[in-house]
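Inspection log for the structure reproduced underneath, given as structure tokens.
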Amino acid sequence: MFMNLSCLKKTLSAKTGRHTYHYYIHGVDGNNQKKMRINDHVSNIDIQITLLERSPRIPRVMNLREVENDMQTLYINSSFSTFEFKATGAGDSLVEGLIRYHPFLYDRETYPVDPYALEDEDEDCVILNSEARGKRPIFECFWNGRFEWCSRPKKAGAVPLECYNRISGVLFANDRFQVSTNKLTFMDLELQLRDNNTIFTRVHNGQELRVKIEREFTNWLKECHERFDKQVMFQGFLGSTTRTDVATKRLQSPWAQFHTIKWDGKTYKKGQCVKSVKTNPVFVGSIVKFLLYGEHEGDVYGTGGYVQVALEPKELYDELRIIPISKIDRLAAAATIKKKIEDELAKLPDQLRVTWPEGNTWAENEARPAGTPMGPVKVEILNKKGDSMSRLPVAGTTKKLLIELKVIWHSPKGDVQTNSHIGVHSSKWEYWFKPMENLSKLGKYTLHLQTMLSDNSASEWAGKRLPNHTLKFSIKEGEAVSFVLGIISSPVHVGVPFSIPLDFRDEFDYPTQPPCDIKPQLECSSLQLSYEGIAFGTTCVIKNVRAMGKISHQNKVGSDIYLPGPPHTLVVLPDGDVPSVENRTPANFRVEVHDEYQNITTQPKLTVRCQLLGAPDLPVDVVDCSNTGSGLLLTKPLLLKTVNAEQILTAKFNIPNHRTVACVERKLRVLPSSRISRLEVYRQEEGSDDVMVLQNAERIDWTAGDTLGNLRFRLYDEGNRLVSLRPKLTSMIKVNWTADINAEELSQGKLPPLSVPSQAQREHFYHVSFHDQHTVNFSFIIVPRPDEPERLRVNLSESTVKMGEILSGNIYVELVDQYGNKTDCLNADIVKTLSVSADGLDKSALAIEWQASSGRLSVCRVRFVGGTLGPRELCFKYQDMMEFVRIEVTAGPPVQIKLLEKPEMPLQVVNGQGLGAPLVVQLCDEWGNPSPDQRIEIMMKALMPKLKVHLREARSVDLFTFSHLADFRGSFGRKGIPGPVVKLNLIPDPNKPVELSIKYDSAASLRAGDIFPVFTVIVISEDGTPVRNICPANLSMLLWKGTVSGSYPPSTASTLKCSKRKDTENDDCFCFRDKQIPELAGQYVVQFVLALDETKHLWSKQTPLNVVANKAVKLAPETPASTPVVSNSSNRTNRTLLDSLNLKIMDLALLENSPGVDGAEYILQFSAEIHQKSVAIAPYILPLRFCNDAENQKAIVSISKKKDRLSQTVLMYQEFFDTNNQLTSELECRHCRFWFTILTKTENQPLRKCGISDPFKGSPQVLGKVGHLAQVEDDDAAKVISWHILGDMDCVVTETTSAAKKIYDDTQGRQQVIPLETVFWRPNDRPLPHIRNGSPLFRPIGNPEFVKDMLIFPEHVESCNKVFASLLGDTILIDDLDSANHYRRGVVQNKMQCPTLLTRQGERIRSNGKFGGLQNKAPSIEKLRGQVFGAPLPKEYNRIRHQMELLQQCRVAMQKASEVRSEYNSHLEHLQSPEMKQKQQDLQQQEQELRELEETLGMCFWHCRAAYFLNAKPEFR
């Protein structure tokens, strides 16, 4: 078969040969670099081209198989899809074709550009890449025809026209087609393929399918366009949505929504107005969003997509449409679109024109009288052009317009609609509204005319309000037709002028102005009326109307009642003879206040005052006559101090607030009173005439404990006359020293005997009184004095003393009488006669002294030696008087240590552990008594230096307990105390780890990147056996690079964890398997560690490891070589490429006169020859430059060295600044990580607190008082619960009975106590009584709940539950009394016991059903005087407290953050320092120099730079 290349263009040449003979060289599939070549029928053709140039240049040779940038290679490797077909014609003619698609990607065409097209300036087929293939043919063949079905059509169809420029193709024909003589042109290819008998088939996946080639090609091209072209850039992702307008269900979702697209160099955004093209009809609209099928996020490219457009103007269309993006008219100008929208908007209704056909025009803000008709009114709807209209110009539907008329009355209580009409359009009179005659209410009005749609009465269209018109006007009152009396200031008084207002009304009863020619007529049945005139204003007022005469009945003017006038005269009764009255009895006077016409009058603050004259300190009386006009004065008894004879007084009456009313005086005779006014007490013995009269408040000295008897009394009246004693009078005598009074003796004038107190400590007050309507008092004071001495009294300041020590403090001795009163009978001589004795008393140290200042004896230096411990009786004796005191004698200072219960020696002790039974030692004093002294330090000392003994002691009253000891020694200050010696037998601990044994295959080669051999760790105990009970998580393997040094690894060591134990491994072995060897060869160290606890660790020995290199994979020098520069010179030095390289290649140089392009860049490749086929080592590549002469070489070498040096410097600066930037970012992150918000809310807010004092709080085994143990959040609940258990709020709760008994004894039984161990408590989680088996028996009201569930316990929760369960039981709290009764009735009716019910309002219903009374009503919370449960802190407090704890935990971190911030600021200052700025400038300068050098080198070598490997190969030796 003859194979002709479709890309044959001209004649064969060195430039185009690589393109022309592409398929001869690479086979039918071409040079496809995307997939591995698997075709076995690869062509063996090799074409070599030699370029001969003038001497002395060496010919250049090229093998076309090595060319990789010919056009066919570019076509094949840049295509995304292929369309393979066959054309079979007559006579076995066969053409095989392949069409490739090169899509538009993102912002460019991917159709290959001929790199040598620019050299042929006169070539017609040179195109720009923006047009892809442009005018070049699809199949680069010279023939007289083309395939119509794959050519670019004249009109756009389903596929955009530019897609036809993105295809390239190749044809393979057999020898049935004629070619020209030069083999470059087909002669009859077109004619044969145009034959109708020619069969076109498509080859798909190796299968030939007979198809309609044009339709199949179009579908393939459309698919390529949709799948591969990325023409439109979608930006501003708005989320995904589902399109229900798509018929195919699988294509309804997902659709990505976007805000903006970029298409064909233009940007389209949401809200932008666009015009459609090729739509029926063509429309304009604003962009709503862009739609692209598929799941996308962020900006993305697509071949097309859809756009949702809101038709404009919205007022006309109000419709959304979705069209392909390709149907956006890219040529439409913004001004054209805007003009079209404005023309459409001009058709809409714009305003209303209102006219008044009958000429009664109502102007804006005009006021009309009530009842004035309004209308008729004619309304027209006008558009912006001024044309009248009656329907909306909307396409497709008819929307008629209506006019709504509303009249709104703005009343004081709100707007009221008075009229509402709908106007329909008429061709004769437009919109017509009849007159409105109901405008009769005063106030402001508004007339509203609103355009509406006839179908739905909407006043808006497309979001805008339809035309409307507003007229504001007001309605005022009409002319007066009637009047009513206004409000007269009441009451109306006789003789006092007043005014009568008149209110005039119009026909609608609205107030209006009165007529000017009115005259009033006033009439009254019995009083005379007069007035002065009439005043006109907003109302008409008759001024200064006056009424005169005696009021005999209720006189009225209008609806008001006449009352008496102002006070004019004061009348006092009686007004005859002088009245007489006894002192201390009342004198009654009646007074009346009259007006000018003798009517009793009243007035506010009308008071009459009576002043008595003629004696000192006489009372003043006042009576209030404001309501009655009269009253009584001097109704209280007269209390003159001393009235021994008859006295005449003057009573003066006046009205303080009315000075114009004359005063009135009356005389009053006062007589002495017969009441008791004086009490006299005296003492008189029986049968004696001697009388001792006591004076009031007299002081009397009397013997303590004696009786003062024979006391008598006498009574006198105000005239100092002795009053005879009668039982009625004497029964009113009271004394304060006894309540048992003999009435018979009292009637005889005898007082009960008085017992003087037995204690001579203070004065005593005694009182005798007579109680009648007034009280007569008499008092005296008795001062008791001591009796004769009778016994001794001894006072101890300290009752406890240690054996052998002196009692601290003194003992005081006094002489007292029978009642314990201290006497003055002691003196200094008694010191010799006082004796002191006791068992074991050291009398030689005893001292007795006399204290004259206090009048008592002082005994000091009391000391006991010997005897038993406990109480001692100390006896004091003087004459025949003896007194005993008890002193507690305790053990003396410790001086020795004794071992109690001595065990069998030697003791067996496991190393590091304690004894099986503790050793107990006892401190003793000098006499062998156990000493409780806690200040003694017990030490122990091992007999062997290597033995370490640890002491653990538990102190009680007098014992010490030790876990380990060998030799006991005590110390008190600097004084030592000897102790016993104990022998110990130390045994190794089999469970204590002391060593880590490491096992592994030390002979194994450790290759970089491989897996370590298994490391087996065995934990050895003290006795040499393995320890098995070790947690594998506590074992770690540490690995670092370096050598063995020290006992601990560096901080940079990596940590590896222990592997899981296999079933086949022993339980005393711990393995580290599958651990990767470091990838960098060198010396490493491994060490294992066992964590014993948080602070103690057991380390193994450090094991050195040698990691060697793994299999070779590439060649590379340890130090990168600089770019070599060589020249064609006889000097070997100028031809030397490398002096030395660690690749073991020495003195590598070029041959003399080696051919090469002056200034060209070549690549020197070092490859390793390895006979192992499985090992592949990448070659090392070194670029070099070639020069023709040595002088040029020197310049190039200098520039290259400078370039290499600058490159290294730039790299160093970049690494430096990258490090600084990284450090800055890290410090910023650390600073942000450590920065926290400080909590500022305070918790010092006022809360309800329990005011009960609790002195026992904090004592051992004491929880506290009941009132302090619980808290209640609600105030009402706290009040009623506290009141309910008020008797228990002060009770102290203790843990044990002994603690309760101690408080009971200390308070002498006054304090309530309750020990927890005596409280019977059973856990009770029963529901409320109205719930049985989980279901309510009835529906309760009032929110019932157990009282115990409302208590909050800050501490001792379990104990408090027991206490309050016993105090409260099942008491229930409910809202109010009605709810409580309802609840109790429901529970009892269901045959259940109802507990006590408390209400939040303070009531209580007892468990027996009783309620009511003061005993079942809680007082206010203030009256509880602090005996109330406290309130808990707010709920937010716990959260704030938790945050505060977190802040406290982060305090260290905050300090660290502060340090980091300081370091960060310092680093920023360093970065801004002049030195760093200079370095940045140096970096920029050197980068600029490097760019200039690279440009210089590029300009020197641009003309000869080759992109292939060694175009002209130099010869090496």
Side-chain angles (χ1 to χ4, degrees), residues 484-502 520 522-532 535 539 541-576 579 581 586-613 618-638 649-668:
V484 294
L485 291 178
I487 299 175
I488 301 175
S489 58
S490 58
V492 177
H493 296 276
V494 175
V496 178
F498 64 96
S499 298
I500 301 176
L502 302 177
L522 303 179
E523 295 180 357
C524 186
S525 59
S526 61
L527 298 178
Q528 297 180 2
L529 299 178
S530 64
Y531 70 94
E532 292 183 358
T539 59
V541 179
I542 304 176
K543 301 181 64 177
N544 294 333
V545 179
R546 188 186 299 269
M548 298 167 288
K550 182 71 174 177
I551 300 176
S552 59
H553 55 82
Q554 291 185 347
N555 299 85
K556 291 187 177 181
V557 55
S559 60
D560 295 312
I561 301 175
Y562 277 113
L563 299 178
H568 182 268
T569 306
L570 181 61
V571 177
V572 181
L573 301 175
D575 56 355
V581 62
N588 294 325
F589 287 95
R590 179 175 179 80
V591 295
E592 294 179 354
V593 182
H594 292 181
D595 64 359
E596 184 178 359
Y597 302 99
Q598 289 79 43
N599 300 311
I600 297 178
T601 184
T602 59
Q603 255 192 8
K605 298 181 180 180
L606 181 62
T607 57
V608 179
R609 182 174 179 270
C610 175
Q611 173 71 52
L612 291 177
L613 304 175
L618 291 176
V620 176
D621 198 5
V622 177
V623 65
D624 186 4
C625 301
S626 303
N627 298 324
T628 61
S630 61
L632 294 177
L633 285 171
L634 298 180
T635 58
K636 295 181 180 181
L638 298 177
L649 302 180
T650 301
K652 186 177 181 181
F653 302 87
N654 67 334
I655 304 176
N657 294 336
H658 296 271
R659 301 295 182 183
T660 58
V661 179
C663 296
V664 178
E665 292 185 356
R666 293 286 187 270
K667 297 296 183 179
L668 179 65

Taking all non-hydrogen atoms of both residues into account, name the closest pair between [X] and [Y] and its distance.
X	Y	answer
A651	C610	CB-SG, 4.0 Å
T602	T628	CG2-C, 3.5 Å
D595	T601	N-CG2, 4.1 Å
N599	P564	CB-CB, 3.8 Å
L522	Y531	CD1-CD2, 3.7 Å
N654	C663	CB-SG, 3.4 Å

Do [X] and [Y] touch side chain to side chain, with heavy atoms closer than 4.5 Å?
X	Y	value
V581	P586	no
I655	R609	no
L638	L612	yes
V591	V572	yes
H568	V661	no
N657	L606	no

How many angstroms lie between atom [atom1] of [X] and atom [atom2] of [Y], to the nearest 0.5 angstrom?
X	Y	atom1	atom2	answer
L633	R590	CG	CZ	11.0 Å
L573	N588	CG	CG	12.5 Å
H658	L570	NE2	CG	11.0 Å
N544	S499	CG	OG	6.0 Å
I542	L529	CD1	CG	10.5 Å
L502	L485	CG	CG	6.0 Å

Any chance you could lay out the side-chain contact (heavy atoms from CB on, under 4.5 Å) test for V571 and H594, step after step, and finish with the verdict?
-> CA-CA 8 Å; V571 177; H594 292 181; 3.8 Å; yes
Check for a donor-acceptor pair, side chain of R546 on one end and backbone N or O of E532 on the other, with a separation under 3.5 Å.
-> no
